Amino acid sequence: MTEKYILKCPDCGRRIPDRYTNVCPEGCTGLIRAYYQKTHLQIQNYLGVFRFSDWLPIEGNLPSDAGPVTYKSETFAKELGLSNLYISFSGYWPERGAHIESCSFKELEALPTTVRMREKGNGILQISSAGNTGRAFCQVSALTGAPVVVVVPESSVDRLWTTAPTKNVCLITVEGDYTDSIEFGNTVCTIPDIVAEGGARNVARRDGMGTVMLDGAITAGRLPDSYFQAVGSGTGGIAAWEAAMRLIGDGRFGAILPRLHLAQNEPFAPMTNAWKDGRREIIPDKDMPDASRTVNQVYSNVLTNRHPPYSVRGGVYDALSATGGTMDSITNAQAAEAEQHFVDAEDIDIDPAASVCVASLIKAVEADAVGKDDCILLNITGGGYKRVAEDKNQYPVEPSFRVKGGAPIDEIRRDIESWANTHARRNYA
Ligand SMILES: *Cc1c(COP(=O)(O)O)cnc(C)c1O
Ligand SMILES: [Zn+2]
């Protein structure tokens, strides 16, 4: 092959050239995956996520120093009695070289996804998000001028801010819950040239998030024995598994896949329930009863995805099976306590989802589910919100349109089309 990468369907095996393709043209349901020509990872001379561009589905890059930063923990590791604990931090913490100003690992996907759309799609990205993903894409839009349409529930609009002014964000707020805003987002994508970002199906999203595993293995000099992450969709877990397979193919980092330790937040833990019951299928009545209530009772609501890519080929179930992985669920009290412990030890504020992850590590240590000398990679998926507020201006993103849940798009279709035509299309760097 002469291309830098090719996409391949895990169901039918078809090789697919990338046209911002997120699903197999044969109609298969599995997650298509990127295969890179280079099996030997060469770190490029950039500060941020683009230093891993050998294994990102893009040709160019962006001037950004936002990337994952991994370091060997001293204080927290000592308190847990661990000799090889590596913390990968995706957020804002300049003292450690961490410059993700939107403060979560969603920016690791927003950066390559924006480049991939420019190179292979030539459309306008649409994102439905209750928080961190939307903010990450607004931040990248502020940086690059790339147009984005972001659809959020009205109640989460105050989570959307950037550290530079935005000119090319079309923010639509939906009166209703997250599901209403996803549905409205889907109808927005019926407008020509507006293209859904794709979620877990987007290879740039997964390979962007997978850079945490790359950075962890490079910092530790080997693949970790265990990888800890809190999950809502599980995309980060799938990404870690895929990145680890590439690292095994590289040959310098060992030959054993890290065991995935994924955690959800009680009382909403559908993947944990299905996995513990030995099932590839999530049964809603059994695994997430009363979901509309329980999603509002968790410490971290970025972990409350109701349709995670768990059962599909190449999804969370396969990632757990391949790595000998486990799933745990964490109570709000355990998360809050773990957060305090971590913040005191490492001296940086963290996202509630990361606190869930820290709690799952503490539980695993107490249960002897990991060895004291194991090489452990702890994915702190977000943090530095307090730290970034000290250093940067924060600009709220103002809604362009407000709609009611379930409303037809007809009333504002022309307005969005004209926004797309005159305001933003194809006129960015
Ligand atoms: C989205 C998110 C997660 C969960 O990520 P998935 O792998 O997509 O389930 C965890 N932590 C933070 C901070 C997030 O924003
Ligand atoms: Zn296929």
Side-chain angles (χ1 to χ4, degrees), residues 7-16 21-33 68 88-92 100 102-110 127-137 139 156 159 178 197-202 205-210 212-213 227-243 260-265 268-272 298-310 312-316 319-320 327 330 335 339 349-360 378-385:
L7 305 177
K8 218 157 94 181
C9 171
D11 286 326
C12 70
R14 177 167 164 171
R15 294 159 62 88
I16 311 157
T21 311
N22 289 336
V23 287
C24 175
E26 306 289 346
C28 307
T29 57
L31 302 182
I32 57 174
R33 190 180 290 162
S88 192
F89 183 87
S90 292
Y92 186 74
I100 299 181
S102 69
C103 295
S104 88
F105 81 152
K106 298 302 191 318
E107 202 170 319
L108 301 179
E109 72 127 326
I127 294 99
S128 298
S129 156
N132 291 350
T133 307
R135 190 173 59 254
F137 276 93
Q139 179 72 23
S156 38
R159 295 202 201 150
Y178 184 43
E197 174 266 341
R201 298 193 167 280
N202 171 7
R205 179 185 198 130
R206 302 209 303 280
D207 293 353
M209 288 176 161
V212 170
M213 178 62 79
Y227 168 86
F228 282 78
Q229 195 204 307
V231 293
S233 73
T235 310
I238 300 166
W241 167 50
E242 293 176 319
L260 301 186
H261 297 253
L262 308 181
Q264 298 207 277
N265 190 179
F268 185 84
M271 289 191 280
T272 305
V298 294
Y299 190 66
S300 165
N301 70 349
V302 304
L303 303 180
T304 58
N305 191 305
R306 292 193 214 187
H307 303 285
Y310 173 79
V312 291
R313 179 103 49 135
V316 177
L320 289 166
M327 291 224 52
I330 296 299
E339 178 171 317
D349 66 283
I350 59 175
D351 188 284
S355 306
V356 168
C357 180
V358 173
S360 76
L378 178 67
N379 188 348
I380 298 295
T381 45
Y385 297 94

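The model shown is predicted, which means the values in this text are computed figures rather than measured ones. Just so you know, ligand 1 is whichever comes first in the structure, and atom 1 is the first atom listed for that ligand. When a residue number appears, it is its place in the shown sequence, counting from 1.
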Check whether any side-chain heavy atom of Asp207 lies under 4.5 Å from a side-chain heavy atom of Met209, and answer yes or no. no

Do any nitrogen or oxygen atoms of Gly234 come within less than 3.5 Å of a nitrogen or oxygen of ligand 1? yes

Evaluate Gln229 for polar contact with ligand 1, using N/O atom pairs at a separation under 3.5 Å. yes

If you define the side chain from C-beta out and look only at heavy atoms, does anything of Pro308 sit under 4.5 Å from Val316? no

Does Ala243 offer a backbone N or O that forms a donor-acceptor pair with the side chain of Arg206 under 3.5 Å? no

Indicate yes or no for a side-chain donor-acceptor contact from Gln264 to the backbone of Val231 under 3.5 Å, with no hydrogens or angles considered. yes

May I ask you to test the Leu31-Glu242 pair for a side-chain heavy-atom distance under 4.5 Å? no

Heavy atom under 4.0 Å from ligand 1: found in Asn132's side chain, backbone, both, or neither? side chain

Looking only at protein heavy atoms, what sits closest to atom 7 (O) of ligand 1 is Gly236 N, 2.6 Å

If you scan protein heavy atoms around atom 4 (C) of ligand 1, the nearest is Ala230 O, 3.6 Å

Taking the Zn ion (ligand 2) as the vertex, how big is the angle to SG in Cys12 and SG in Cys24, rounded to 10°? 110°

Just to confirm my output: which protein heavy-atom neighbour is closest to atom 14 (C) of ligand 1, and how far is it? Lys106 NZ, 2.8 Å

Give the atoms of ligand 1, by number and element, whose distance to some non-hydrogen atom of Val302 is under 4.0 Å. 2 (C), 12 (C), 14 (C)

Students should be able to answer this: which protein heavy-atom is nearest to atom 6 (P) of ligand 1, and at what distance? Ser233 OG, 3.5 Å

Is the closest side-chain heavy-atom distance between Met271 and Asn305 below 4.5 Å? no

Is Glu26 close to Cys9 at the side-chain level, that is, under 4.5 Å between some pair of heavy atoms? no

Do you know which two heavy atoms are closest between Tyr385 and Ser102, and how far apart they sit? CE2-O, 4.4 Å

Ligand 1 atoms in contact with Val231 (distance to a heavy atom under 4.0 Å): 9 (O)

Answer yes or no: is there a side-chain heavy-atom contact under 4.5 Å between Leu303 and Phe268? no

Nearest-contact summary for atom 11 (N) of ligand 1 - protein heavy atom, Å: Thr381 OG1, 2.6 Å

Contact between ligand 1 and Gly232 is defined here as a heavy atom of the residue under 4.0 Å from a ligand atom; is it met? yes

Which angle, to 10 degrees, forms at the Zn ion (ligand 2) with SG of Cys9 on one side and SG of Cys28 on the other? 110°

